[in-house]
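Structure in structure tokens, see below.
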Amino acid sequence: MEYENILVTREGNIAIVTFNHPKVLNALDHATMTELSAVIAELDQDNSVRCIILTGAGEKAFVAGADINELRAIASAAEGADFATRGQNIFFKIENLSKPVIAAINGYALGGGCELAMACDIRIAADHAKLGQPEINLGIIPGYGGTQRLPRLVGKGRAKWLILTGDMISAQEALRIGLVDFVVPTAELMNAATELACKIASKAPLAVAWAKRSINVGSETDLVTACAYEACQFGLICGTEDRIEGTTAFLEKRPAQFKGK
Ligand code: COA
């Protein structure tokens, strides 16, 4: 499908989703969020896609947040709550997608942009990127999951520091506190993201999907329940052809040919 504010390109079994509205630093307006939701649904259905990279057009911004014009125009408390819930639901879809999603943060990841990156599985930042939750400067709070995912990633104190001051931090500082997982020179960002995506895409797809699910579900519950959940997922993976293929290939000293079955 063709989209107005988002480009979707393919490199083998990797899909690269680029927010393409650099004039407003790829800010997420209502139309772009509608497109993002459709893109995610499309890629979810497409069995030839094994891994997804999200990035922004231009060198300046990944995503500079929700559209501040739309935030200004919110007419009531109920409309505000709907605005937040809609965005949260789209980000939940990304977080719970069976395919891993890598954020290639090529510049500003602010507000909704930082929240979007946090809903992804792995975050790689260009060394000039800047991240933050500046909503406090607009008289509002994060509404696309920022008050929840940020403390889970970096701890309550650091989350409060970032959210209550609205300070932007460098990619290196984000790496230090665990907000991003890797920092690379800007020129190498897409190569690094693609290389990682290809490596993941070469693995057994059901094992990738169920490992992701086990980590996501387990990290929101207590350890005993989480391990019981892991055991169920392990049981399911033992029922796959790829488990036979992976273990047999190792014993026969040959590369495995995974089928996603
Ligand atoms: N919503 C709507 N428009 C935005 C935007 C957003 N979140 N972020 C940037 N833009 C627009 C600017 O209004 C400007 O438009 P204009 O050219 O019509 O004036 C254009 O994008 C370029 O931004 P500008 O501010 O001129 O770039 P800069 O390099 O001086 O500053 C930032 C970059 C990211 C520091 C600055 O744009 C900014 O603070 N943006 C808002 C970030 C934010 O608060 N996000 C959270 C929203 S919940």
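The figures that follow rest on heavy atoms only: side chains count, while hydrogens, waters and symmetry mates do not. Only a predicted model underlies this, so the values are computations on that prediction, with no experimental measurement involved. Read the numbers this way: they start at 1 and go in the same order the structure lists the ligands and their atoms.
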Hey, is atom 18 (O) of ligand 1 touched by any protein heavy atom at less than 4.0 Å? no

Which pair of heavy atoms, one from Lys130 and one from Leu110, lies closest together, and at what distance? O-CD2, 4.1 Å

Side-chain contact, heavy-atom cut-off 4.5 Å: Arg158 with Arg176? yes

If you define the side chain from C-beta out and look only at heavy atoms, does anything of Ile105 sit under 4.5 Å from Ile124? no

Shortest protein heavy-atom distance from atom 48 (S) of ligand 1, along with the residue and atom involved: Leu71 CD1, 3.7 Å

In the complex you have, is atom 36 (C) of ligand 1 within reach of the protein, judged by whether a heavy-atom distance drops under 4.0 Å? no

Does an N or O from Met168, backbone or side chain, lie closer than 3.5 Å to an N or O of ligand 1? no

Considering both backbone and side-chain atoms of Asn69, is one of its nitrogen or oxygen atoms within less than 3.5 Å of a nitrogen or oxygen in ligand 1? no

Would you check if Val17 and Thr55 make a side-chain contact, meaning some heavy-atom pair closer than 4.5 Å? no

Any idea which protein heavy atom is nearest atom 44 (O) of ligand 1, and the distance to it? Pro134 CG, 3.5 Å

Heavy-atom distances under 4.0 Å are what count here, so tell me which part of Lys60 touches ligand 1: side chain, backbone, both or neither. side chain

Please work out, at 4.0 Å between heavy atoms, whether the side chain, the backbone, both, or neither of Asn137 comes within that distance of ligand 1. neither

Please check if any side-chain donor atom of Thr194 sits under 3.5 Å from a side-chain acceptor atom of Asn191, or the reverse. no

Return the residue, atom name and 0.1 Å-rounded distance of the protein heavy atom closest to atom 39 (O) of ligand 1. Leu110 CD1, 4.8 Å

Counting only heavy atoms on the protein side, is anything nearer than 4.0 Å to atom 33 (C) of ligand 1? yes

Just to confirm my output: which protein heavy-atom neighbour is closest to atom 42 (C) of ligand 1, and how far is it? Ala64 O, 3.4 Å

Within 4.0 Å of some non-hydrogen atom of Ala27, the atoms of ligand 1 are 1 (N), 6 (C), 7 (N)

Within 4.0 Å of atom 24 (P) of ligand 1 (strictly less), any protein heavy atom? no

Atom 21 (O) of ligand 1: any protein heavy atom closer than 4.0 Å: yes

Let me check something: do Met118 and Leu196 share a hydrophobic cluster, defined by ILVMFWY side-chain heavy atoms less than 4.5 Å apart, either directly or through other members? no

Give me the residue, atom name and distance of the protein heavy atom closest to atom 1 (N) of ligand 1. Ile68 N, 3.0 Å

Could you tell me the residue and atom name of the protein heavy atom closest to atom 7 (N) of ligand 1, and the distance to it rounded to 0.1 Å? Ala66 O, 2.9 Å

Number the atoms of ligand 1 from 1 as they appear, then name those within less than 4.0 Å of a heavy atom of Asp67, with their elements. 1 (N), 2 (C)

Can you run down the ring-ring contact (aromatic ring centres under 6.0 Å, His included) pairs that involve residues 58-101, sequence neighbours left out, and say none if there aren't any? Phe83-Tyr144, Phe91-Tyr144

Looking at atom 29 (O) of ligand 1, would you say a protein heavy atom lies below 4.0 Å from it? yes

Test your reading of the model: is there a side-chain donor-acceptor pair from Asp121 to the backbone of Val101, 3.5 Å cut-off? yes

Determine, using heavy atoms of Glu70 and all atoms of ligand 1, whether some pair is separated by less than 4.0 Å. no

What protein heavy atom sits nearest atom 15 (O) of ligand 1, and how far off is it? Lys23 O, 4.3 Å

Tell me whether Met33 is reachable from Leu43 by hopping between hydrophobic residues (I, L, V, M, F, W, Y) whose side-chain heavy atoms are closer than 4.5 Å. yes

Any side-chain heavy-atom pair of Gln233 and Val217 under 4.5 Å: no

I want to check something: taking the side chain as every heavy atom from C-beta on, are Val180 and Leu131 in contact at a cut-off of under 4.5 Å? yes

Is the closest heavy-atom distance from Gln133 to ligand 1 below 4.0 Å? no

In this structure, atom 10 (N) of ligand 1 is nearest to the protein heavy atom Val24 O, 3.8 Å

In short, ring-ring contact (aromatic ring centres under 6.0 Å, His included) pairs touching residues 229-261 with sequence neighbours left out are none

Glu95 and Lys212 ion-paired at < 4.0 Å: no

